[in-house]
Protein chains: 2
Amino acid sequence: MLNTKNTPSIRQLQLFSTLVEHQSISKVAELLHISQPSVSIQLKKMAEQLETELYTISGRKVFITEAGQAVYRAIQSIDTTFSNLQIELNAFKGLQAGTLKIAVDSTAQYLISKVLSPFCHRYPKIDVQLTINNRQTMVKRLKSNEDDFYILSNSPAGVDVIQMPFITNSLVVVANKKHELTRQPHISLNRLQHYPFILREQGSGTRQHIERFCKSHNIKLIERMTIQSNEAIKQFVAENIGLGILSHHTLNQGESSDLVVLDVDNFPINSQWYIMRRTERKLTLLASTFDDYMQNEWQLKS
Amino acid sequence: MLNTKNTPSIRQLQLFSTLVEHQSISKVAELLHISQPSVSIQLKKMAEQLETELYTISGRKVFITEAGQAVYRAIQSIDTTFSNLQIELNAFKGLQAGTLKIAVDSTAQYLISKVLSPFCHRYPKIDVQLTINNRQTMVKRLKSNEDDFYILSNSPAGVDVIQMPFITNSLVVVANKKHELTRQPHISLNRLQHYPFILREQGSGTRQHIERFCKSHNIKLIERMTIQSNEAIKQFVAENIGLGILSHHTLNQGESSDLVVLDVDNFPINSQWYIMRRTERKLTLLASTFDDYMQNEWQLKS
DNA sequence: TAGTTGTATAAATAAAAATCTATACATTTA
DNA sequence: TAAATGTATAGATTTTTATTTATACAACTA
């Protein structure tokens with residue numbers, strides 16, 4: 001930790017560096033528009049604090065001692081540190097304004113805050129315009145190039161995107177904790193076909209995964225209800241209206257709910273969340289900073 | 001030149017760096033034994049001056065922004081600069097005391113000040129004990145190991161020394177400006193044998209050179225006077241009592257004298273001044289610093 | 001040697017930076 | 001919801017730093 005005692009003030013450093021450069025106390029005074037005694041006194045104090053002679057005066061000439069030269073070099077080093085800092089800070093100032101537009105598949109809404117909140121703390125002046133909706137809507141927005149970034153579980157056909165694997169998405173079967181399947185191990189897919197389900201609507205990413213899964217495993221689920229919200233599904237499942245298939249991110253939201261994850265064969269359905277952007281969309285400074293952030297801190301290590 | 005405006009004070013840097021390290025304003029206050037509002041205010045001021053948010057406070061947690069991280073890195077750099085400076089200065093403090101003992105052949109006394117004065121200005125606290133005498137005395141002192149350094153025109157036999165060529169010593173023939181040899185070109189050595197000379201005493205370096213020179217050129221000079229001082233010789237020569245043979249360093253001491261250098265064949269007698277020290281003598285810190293100085297700034301480039 | 005130039009010291013003052021107390025506000029925890 | 005914890009603001013005060021004027025001194029320069 002920086003030591004304040006025995007450390008000359010910034011002003012004193014300035015005076016001394018000017019002295020070294022002009023070898024004259026009165027010249028320093030003139031250049032900095034202050035009186036000669038002021039310079040005299042400050043420099044003397046500084047040398048006293050450092051307990052070292054930094055210069056000598058012989059007649060009317062100023063000689064910088066070796067110790068003084070060392071101090072001068074240190075000042076120059078500090079000077080460049082400050083200059084570089086200024087340049088860095090100016091770069092950050094470019095990030096103090098601007099809006100980052102991100103569109104998120106609603107199933108991913110539970111994790112977006114984890115991702116976004118560190119970024120927002122680091123760049124507190126930025127605005128984020130967040131659009132949360134189902135996959136179909138995301139794809140529409142992606143095609144009409146409305147946002148900087150999209151978070152989807154896989155990339156749609158027909159659009160050039162740059163994508164980065166992000167976080168693993170696991171779809172699990174949930175039930176009320178009093179449901180008969182609870183605590184049963186290795187439930188077969190076939191048995192599932194006899195229970196009613198509450199599912200997300202057509203066009204949602206979750207629904208898409210489920211349908212693909214059912215097709216490939218050759219099963220058909222009973223669909224008692226279709227709801228556009230994961231949260232609502234959880235409530236109906238909790239009231240034992242039926243089973244649900246949800247991303248595990250939507251669960252364990254802290255509240256000790258009545259929901260239980262079932263141990264079904266071939267589950268969870270694993271897929272990947274991707275963050276993507278259109279190849280031809282020009283990155284704003286802010287967007288590019290966000291891109292760096294995602295790559296450095298969220299890129300999935302395979 | 002260091003910019004005082006928009007530059008945070010050293011104290012503010014200290015506060016901020018402590019903040020980064022402990023992520024809490026009240027913790028900083030506690031650690032530095034000041035009140036919490038004081039820290040709050042100073043940090044706020046600092047951020048205002050830099051026109052950048054360095055941290056944000058959310059609830060009771062402190063988050064350092066990216067800009068803040070940059071500032072922190074800068075502070076660390078400044079910190080190490082100061083630490084290194086302290087170490088350097090402490091090394092110089094070792095040189096604030098101590099006596100440097102130097103013995104100089106009196107013929108070289110005219111140049112010793114040129115050599116010594118920059119050194120003394122750079123290390124103003126040191127003492128120099130200077131012995132000026134003729135060569136014989138120098139050699140005696142060298143043998144009894146009395147001084148750190150010796151300046152002689154060549155090394156004596158029988159003592160282990162480390163020597164460094166230094167400055168060229170040219171012995172020239174001088175006369176009063178009204179002397180008949182003045183303005184004559186190419187005076188032969190033979191003609192010199194008919195004029196009386198005023199010379200340095202036996203045992204002086206100059207005398208040694210002259211004798212060696214006469215021997216090798218097979219001439220003999222008329223010796224009217226022997227004097228132990230170059231300055232005195234100059235006065236007698238100026239009064240036209242005789243010719244003199246002196247180091248050119250002893251001349252052109254500013255005063256527009258009555259002395260003229262004669263254009264004698266085989267003159268000047270060139271030889272070398274050496275600075276030397278006994279091999280087995282242990283160097284004090286001060287002596288070693290002087291040694292470095294001589295090597296870096298006075299070593300004769302051949 | 002007188003005048004000029006450059007630096008040092010003293011004493012007073014000004015400006016600035018840093019601090020405190022008291023209080024209010026906000027968030028988290030019990 | 002009350003208590004605890006952490007931060008912000010206001011206003012007054014203290015401390016430190018910086019500066020000034022006036023004067024003295026010292027060393028060059030003409």
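Values in this document were obtained by computation on a predicted structure and should not be read as measured data. Residue numbers start from 1 in every chain, and the chains themselves are labelled A, B, ... in the order their sequence lines are given, proteins ahead of strands.
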What's the [atom1]-[atom2] distance between [X] and [N], to the nearest Å?
X        : N       : atom1 : atom2 : value
Phe63(A) : dG6(C)  : CZ    : P     : 15 Å
His22(A) : dT7(C)  : NE2   : P     : 13 Å
Arg11(B) : dA16(C) : CZ    : C1'   : 15 Å
Met46(B) : dA17(C) : CE    : P     : 14 Å
Leu43(A) : dG6(C)  : CG    : P     : 16 Å
Glu30(A) : dT7(C)  : CD    : P     : 12 Å
Ile41(B) : dA17(C) : CD1   : C1'   : 11 Å
Ile34(A) : dA14(C) : CD1   : C1'   : 14 Å

Using residues 53-66 of chain B as the side-chain source, report each donor-acceptor pair under 3.5 Å to any protein atom, sequence neighbours left out, with the distance given to one decimal.
unit_1   : atom_1 : unit_2   : atom_2 : d
Thr65(B) : OG1    : Glu53(B) : O      : 2.8
Thr65(B) : OG1    : Leu54(B) : O      : 3.1
Thr65(B) : OG1    : Ala67(B) : N      : 3.4
Thr65(B) : OG1    : Gly68(B) : N      : 3.0

Going 5' to 3' along DNA chain D, between which two nucleotides do contacts with chain B fall, using a heavy-atom cut-off of 4.0 Å?
dA4(D) to dT9(D)
Could you list the residues that satisfy salt bridge (charged side-chain N to carboxylate O under 4.0 Å, His left out) with Glu51(B), not counting sequence neighbours?
Lys93(A)
Which residues pass the salt bridge (charged side-chain N to carboxylate O under 4.0 Å, His left out) test with Arg73(B), not counting sequence neighbours?
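Listed in chain order: Glu88(A).
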Shortest non-hydrogen separation from Ser106(B) to Ile132(B) and the atoms involved
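What the structure gives for the nearest pair is CA-CG2, 3.6 Å.
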Would you find a donor on one side and an acceptor on the other, under 3.5 Å apart, between the side chain of [X] and the backbone of [Y]?
X         : Y         : value
Ser24(A)  : His22(A)  : no
Asp148(A) : Lys101(A) : yes
Ser117(B) : Lys114(B) : no

Sugar-phosphate only, base, or nothing, as touched by [X] at under 4.0 Å among non-hydrogen atoms:
X        : answer
Lys44(B) : sugar-phosphate
Ser26(B) : sugar-phosphate
Val39(A) : nothing
Ser9(A)  : sugar-phosphate

At under 4.0 Å between heavy atoms, which parts of nucleotides 23-30 of chain C does protein reach? Answer with one letter per nucleotide, 5' to 3': B base, S sugar-phosphate only, - none.
----BB--
Check ring pair (Phe, Tyr, Trp, His ring centres under 6.0 Å) between Phe119(B) and all other residues, then give those that pass, not counting sequence neighbours.
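With sequence neighbours excluded, Phe119(B) shows a ring pair (Phe, Tyr, Trp, His ring centres under 6.0 Å) to Tyr123(B), Phe290(B), Tyr293(B), given in chain and number order.
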Salt bridge check: are Glu48(B) and Lys45(B) linked by an N-O gap of less than 4.0 Å?
no
